[in-house]
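What follows is a single structure, written as structure tokens, with notes after it.
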Amino acid sequence: MHGFYGRILRIDLSKKEFVIESVNDDIFEKYLGGKGLASHLLYQLNPAGIDPLDPANCLIFATGPITASSIWGSSRYGVFTKSPQTGFYSESYSGGKVPEAIDSTGYDAIVVQGQSEQPTVLSVHPEGVDFHEGDDIWGMDTFETEDTVIERFGNIGPGSRRVGAVVIGPAGENLVRFSVIENDYWRSAGRTGVGTVMGAKKLKALVFQGDRRRELYDEQAVKDCARNLASEAKDNPGVKAYKSMGTPMMVKIVNEANAFPTRYWSEGSYDRWEKISADALHQRCNVKPHACPKCFMACGRMTTVLQGRHAGLKLVGPEYETIYAFGGLCLIDSIEEIAYLNDICDRQGMDTITAGNLCAFTIEAARRGKIDYVIDYGDVDAVATLLKKIARREGIGDILARGIKFAAKEWDLGNIAVHVKGLEPAGYDPRALKGMGLAYATSDRGACHLRATFYKPELSGMISPDQIEGKAKLFIDFEDRLTIFDTLILCRFYRDLYPWEALGDLIHAVTGLDSQKDALQSKAANISTLIRRFNLREGLKPEDDRLPNTFYKKFQRTDHILRREELEAMLKEYYLLRGWDENGEPTS
Ligand code: SF4
């Protein structure tokens, strides 16, 4: 079928073998590529009930039918596995230049199973894969690893168009449960511990290079889609805002909405927010917009710290989610210090959202006398030390490296631990944005903000944050459309530029498939149900779709609250519209 290579690469690290298999068109017709194909493969190939760190757990890299095309927002890849953080379905996405290198190897998905005896680096290319010893690379941070493997294994052969690598850092090697897979230095497949699965396989890096290109159904129509979008988006205020301020612009917006998680989820606004806002970042640091290939939005911030003890530190970031996690939750009121903590997480290869949540949780544990450890709000050096201890699994760091569920049990703090299914939420408090409560409760990977990005309609006035009845209907419309984004794999921040009709035109131009809204929505629903079945097979219970106690209590300074019955009403509506029973189980 047009838009797909029709083949997957399966790698067995234990036996150092690989096989290239073909994929029937009916799979693409039903699920498209990216998330759709990868979820199908995960469901088919993963043994039921397996430990996420077991060699048989699949680690699947996928690109989509638009990757490496001229489509705006298309330079992304996804990673799919069973999460060591939640024990359920895991998906995580990243941008940068590497998606085009992955795609140039000519597979719709690359499935890694098994476990090496020694640290290993894989070179993936159109003919298969080469296995390299990586003993002397094991222990390097993510930046050193990327430089080393590209220099050592990334010689572009005649005809190769692209080269790129994905890597893990020491945290992934040490099986810290929330380790990331990183590429292009600062881009991460950040959530749910995909880097931990790579570490369990003793796989330090994959280097991709190739010369393949997808054959598209109507090349001219694809070019027209791209040209039209660029001209439509020229004066789009959202595009301008992302380009000029990046995601840190959300600090002001979310703080004003009383949804900015502060002091480990006890407040919805931070009185020192201006010190960690987009303005603070742009005024105090040297910042340039930074874009993935095929992107005019350029949401990334190429930042150089100019002042203070971290002067000279360079990174892409910090993103809004990192600012909320260290700034809001841990009360660190300096954008430079947040950049410093961001850099530690990047080098060690840890998810900044989970890391910030765990540091704030530790602060609460210390304040409540549950642990004998010196750390407090605003103490950036203590937070930095704790991050390094987690990455090395040293002392208290070993407890936190096992994740929030484990730490909460160990310290008898389950009543204040904020997570769903073991994953900590992003920076949108559902007491002020109630639809985010539905998002966190129902997301397959835990408390995720990205499956429907429902903060967008609630913050923009499209729907009242307090509305309960009818909310699930709009939520599903967002979730389904963004599921289709993930089958392609298309950047979230283009969500306003690809409404259903534009998405349908694009998919038709790429694949030739009928892509009316109804057909696409039914594909998205099939994928949601497939993943639901995967999670049920792994032991999902109705209580896993519920929220932590904290969200049912008022903030200390304002009256915002989410009531249990409000979540129950939204959930009931959501299950019904999905065609699931009252326990969230598919009925057909
Ligand atoms: S909007 Fe940001 S994340 Fe998305 S493609 Fe552009 S630079 Fe990459």
Side-chain angles (χ1 to χ4, degrees), residues 96 141-144 146-147 169 182 184-188 190 240-256 260-263 269-291 298-353 355-357 359-360 363 374-391 427:
D141 75 22
T142 53
F143 300 167
E144 286 175 281
E146 191 175 333
D147 288 346
E182 237 164 65
D184 297 274
Y185 270 35
W186 299 286
R187 295 281 177 186
S188 304
K240 285 184 179 164
Y242 271 116
K243 190 162 187 173
S244 63
M245 290 299 199
T247 59
M249 70 178 160
M250 298 306 289
V251 173
K252 181 171 192 284
I253 297 168
V254 181
N255 201 69
E256 278 173 0
F260 187 69
T262 303
R263 191 180 274 269
S269 62
Y270 184 27
D271 49 8
R272 281 168 282 162
W273 68 270
E274 281 170 298
K275 298 181 84 172
I276 57 172
S277 65
D279 282 341
L281 177 71
H282 288 79
Q283 283 160 14
R284 296 181 61 82
C285 301
N286 182 333
V287 182
K288 295 195 173 67
H290 185 73
C299 78
R301 306 291 89 185
M302 176 58 82
T303 298
T304 306
V305 175
L306 298 175
Q307 321 171 33
R309 63 181 187 156
H310 307 303
L313 173 65
K314 193 172 166 186
L315 74 163
V316 173
E319 300 283 355
Y320 167 70
E321 300 299 344
T322 307
I323 297 176
Y324 116 77
F326 289 118
L329 294 184
C330 300
L331 304 187
I332 288 166
D333 64 353
S334 154
I335 199 70
E336 289 95 339
E337 295 297 345
I338 293 171
Y340 164 58
L341 299 172
N342 192 156
D343 183 64
I344 293 172
C345 290
D346 281 350
R347 287 176 189 273
Q348 298 297 323
M350 298 190 293
D351 172 17
T352 57
I353 297 180
N357 267 271
C359 290
I363 292 168
V374 180
I375 189 167
D376 205 352
Y377 286 114
D379 185 348
V380 66
D381 287 332
V383 169
T385 301
L386 187 59
L387 291 175
K388 290 173 192 165
K389 280 179 185 286
I390 295 171

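Side-chain N or O atoms of E182 include none that pairs as donor or acceptor with a backbone N or O of G169 at under 3.5 Å. At distances below 3.5 Å, at least one donor-acceptor pair connects side-chain atoms of N255 with backbone N or O atoms of Y270. Looking at T385, its side chain never comes within 3.5 Å of a backbone N or O of V383 through a donor-acceptor pair. Side chain of T247 to main chain of E319: no donor-acceptor pair is present (N/O by atom type, distance under 3.5 Å, no hydrogens or angles). Although no hydrogens or angles enter the test, the distance criterion places a donor-acceptor pair under 3.5 Å between the side chain of D379 and the main chain of A382. A donor-acceptor contact shorter than 3.5 Å links the side chain of E146 to the backbone of Y185. Between the side chain of Y320 and the backbone N or O of G427, at least one donor-acceptor pair lies under 3.5 Å. Checked by atom type and distance alone, the side chain of T322 never pairs as donor or acceptor with a backbone atom of P318 at under 3.5 Å.
Listed by chain and number, the residues in a salt bridge (charged side-chain N to carboxylate O under 4.0 Å, His left out) with E274 amount to none (sequence neighbours excluded). A search for salt bridge (charged side-chain N to carboxylate O under 4.0 Å, His left out) contacts involving R284 returns E336, not counting sequence neighbours.
In this structure, NZ on K243 lies 12.0 Å from SG on C299, to the nearest 0.5 angstrom. The line from CG of D343 to CD1 of I338 is 14.0 Å long, rounded to the nearest 0.5 Å.
For C359 against F326, the heavy-atom pair with the smallest separation is SG-CE2, 4.5 Å.
Relative orientation of the F143 and W186 rings is perpendicular, given thresholds of 30° and 60° on the angle between their planes.
Between D381 and R309, at least one side-chain N (NZ, or NE/NH1/NH2) sits under 4.0 Å from a carboxylate O, which counts as a salt bridge.
Side-chain atoms of Y324 and N357 form a donor-acceptor pair, as typed in the model, at a separation below 3.5 Å.
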